[in-house]
Amino acid sequence: MYDAIVIGARVSGAPTAMLLARKGHRVLLLDRATFPSDTVSTHMITVEGSARLRRWGLLGQIEASGCPAVTNIVLDLCFDRYGHFALEGFPYRDDDGFAAIYAPKRTILDKILVDAAAAAGAEVREGFSVREVLTEGGRVVGVRGRGASGITITERARTVVGADGLRSIVAQTVAAPEYHVVPPKAFGYYTYWGGVELRGLEFYTRPGSTVIAFPTHDDQAAVFVERPERDFADFKADVRAGYRKTVDDIAPELGARLDAGSLAHRFMGAGNRPNFFRKPYGPGWALVGDAGVHKDPITAQGITDAFRDAELLATALDAGFSGRMPLETALRTYAYRRDEALKPLYDFIVDHATMEPFEPGFQDVLAAMRGDQDAVNRFFGVIQNTVPWAEFFSPRNLSALMGLTGPDVGAGIG
């Protein structure tokens, strides 16, 4: 009998297993993949997420792997009301003096996380496919699956954690209730380029298209394009042509740099990505990462959210397993804190994932930041999870930024 069986050993499951094992709990970590292996990903770890890696003692391994630190953001915009302009800066350092973004390839990041879970004492089984989540009397009690030997194995645990993505077998088994559901709004594709110089994180947004570029391993630039879901079928007919046309249309100067570089990887991407929250716990089970909340990756928050939720869940399970708090109470607290942290940016993302023109009020806010470096840095802090959403978008802050007063300050920015 394990304290926890964690299904899925990537950016939510491996940290959950690692943190629980560091507390002395008996943990089994399962994944059908073997590591290192790749997966479709936004790559980006925000300042908040990178700070967590640092606290966990893993950031040094990311740096030693050759992943460059990003310490500059360029947001390139064009509005009918204000023309073309760019905001450039970086969030202020956190209270511990740290501020950097990292965008590691998943072949490297996930291997580091899995090895850290094993080093903490978790039992790791790679190449293990979970075929069934076992229930007894309405409670999840374990799993049944097959490893590389092909032999069917049954394991039992006090809690089974689904860290297995938006199509989680745990969520399906327990019919985890969904809420804040929004249908797919955008799709995205990316690849890597050699010989392309970047100014840090470059973010280009126009009505109907978004392009994001940042440095990653092997001295390569990762370049992403996002388009509305309605364009997915046409785009898939010729991914390379659609990708280049998107870059050249909204970021022609970046397109010229790609022309001078070299394509270094196949194109990867996905569409049909629903947006939802799921209730993340119940009798004998819990959800973390994309299994619990899935949203459009346009702002590249997924890995950071997975790290935060892994920490929240591990804290709750430890409190319950150790008897400091009833397990159900601890997991209810986990659900509340997860939703409180995620909901404001989730609403912003699902509102803007169709890449329609920004609302006039939000355009006014962005335009008002021109020439105000402090405001730019604090706004980037919102996206990088170092400045609370409610703090930046409070009527008091917006009135100071825009020189406005009255009850309607801040209207139309969501």
Side-chain angles (χ1 to χ4, degrees), residues 1-33 35 113-149 151-165 167-176 278-292 306 309-335 338:
M1 172 74 76
Y2 293 92
D3 293 313
I5 295 173
V6 182
I7 305 173
R10 294 193 184 269
V11 294
S12 60
T16 301
M18 176 193 72
L19 294 168
L20 283 172
R22 286 180 176 181
K23 293 289 187 179
H25 302 293
R26 190 175 181 213
V27 183
L28 175 62
L29 178 62
L30 306 172
D31 203 294
R32 62 185 178 185
F35 298 92
L113 296 173
V114 169
D115 288 349
E123 181 181 342
V124 179
R125 295 185 197 168
E126 302 178 28
F128 188 97
S129 178
V130 175
R131 303 297 180 88
E132 183 181 1
V133 174
L134 305 177
T135 62
E136 293 177 1
R139 180 180 185 86
V140 171
V141 296
V143 302
R144 182 174 293 122
R146 294 180 181 177
S149 67
I151 299 173
T152 298
I153 299 172
T154 298
E155 300 288 5
R156 299 174 72 88
R158 298 168 68 180
T159 299
V160 174
V161 176
D164 48 342
R167 295 174 180 84
S168 166
I169 189 173
V170 177
Q172 292 173 11
T173 299
V174 302
R278 287 184 179 130
K279 182 182 178 182
Y281 72 95
W285 61 273
L287 303 175
V288 69
D290 283 350
D309 294 351
E311 200 165 72
L312 290 173
L313 178 57
T315 299
L317 290 174
D318 175 56
F321 292 162
S322 66
R324 296 193 308 275
M325 183 183 298
L327 182 56
E328 199 276 340
T329 301
L331 289 172
R332 189 187 315 125
T333 301
Y334 158 62
R338 182 201 69 170

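Atom set for the values below is all heavy atoms of this structure, side chains included, hydrogens, waters and symmetry mates excluded. Numbering starts at 1 and runs along the sequence shown.
Here the side chains of Tyr2 and Thr159 are not in contact, with every heavy-atom distance at 4.5 Å or above. Side-chain contact between Glu155 and Arg125 is present, with heavy atoms from C-beta onward closer than 4.5 Å. Considering only heavy atoms from C-beta on, Val114 comes within 4.5 Å of Val124 through its side chain. Contact annotation: the side chain of His25 never approaches that of Arg158 to less than 4.5 Å [non-hydrogen atoms, C-beta and beyond].
Rounded to the nearest 0.5 Å, atoms OH (Tyr334) and CG (Leu313) are 4.5 Å apart. With rounding to the nearest 0.5 Å, the separation of CZ in Arg332 from CG in Leu327 is 11.0 Å. Here Glu132 contributes atom CD and Arg146 contributes atom CZ; the two are 11.5 Å apart, rounded to the nearest 0.5 Å. With values rounded to the nearest 0.5 angstrom, Phe35 atom CZ is found 10.0 Å from Asp115 atom CG. In this structure, CZ on Arg144 lies 4.5 Å from CG on Leu134, to the nearest 0.5 angstrom.
Ala310 and Thr16 get closest at one heavy-atom pair: CB-OG1, 3.2 Å. Taking each heavy atom of Val27 and Ala17 in turn, the nearest pair found is CG1-CB, 3.7 Å. Listed here is the closest heavy atom pair of Lys279 and Leu287: O-CD1, 3.6 Å. Across Val170 and Gly162, no two heavy atoms sit closer than the pair CG2-CA, 3.6 Å. When all heavy atoms of Gly138 and Pro283 are compared, the closest pair comes out as O-CB, 4.0 Å. In plain terms, the two heavy atoms of Ile169 and Thr173 that are nearest each other are O-OG1, 2.7 Å.
Under the 3.5 Å distance criterion, the side-chain polar atoms of Asp309 are left unmatched by any main-chain donor or acceptor of Ser12. In this structure, Thr315 contributes its side chain and Glu311 its backbone to a donor-acceptor pair below 3.5 Å.
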(request) Report the C-alpha separation of Val140 and Val174 in whole Å, then their side-chain angles, then the decisive distance to 0.1 Å, and conclude whether the side-chain contact (heavy atoms from CB on, under 4.5 Å) test is met. (result) CA-CA 8 Å; Val140 171; Val174 302; 3.6 Å; yes
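Applying the salt bridge (charged side-chain N to carboxylate O under 4.0 Å, His left out) rule to pairs touching residues 4-31 yields Arg10-Asp110, sequence neighbours excluded.
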Below 3.5 Å, can you tabulate the donor-acceptor pairs from side chains in residues 319-326 to any protein atom, sequence neighbours excluded?
| from | atom 1 | to | atom 2 | distance (Å) |
| --- | --- | --- | --- | --- |
| Ser322 | OG | Asp318 | O | 2.8 |
| Ser322 | OG | Ala319 | O | 3.2 |
| Ser322 | OG | Arg324 | NH1 | 2.8 |
| Arg324 | NH1 | Asp318 | OD2 | 3.3 |
| Arg324 | NH2 | Asp318 | OD2 | 3.0 |

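The neighbour count for Arg32 CZ, taken as heavy atoms of other residues, nucleotides or ligands under 6.0 Å away, does not exceed 12.
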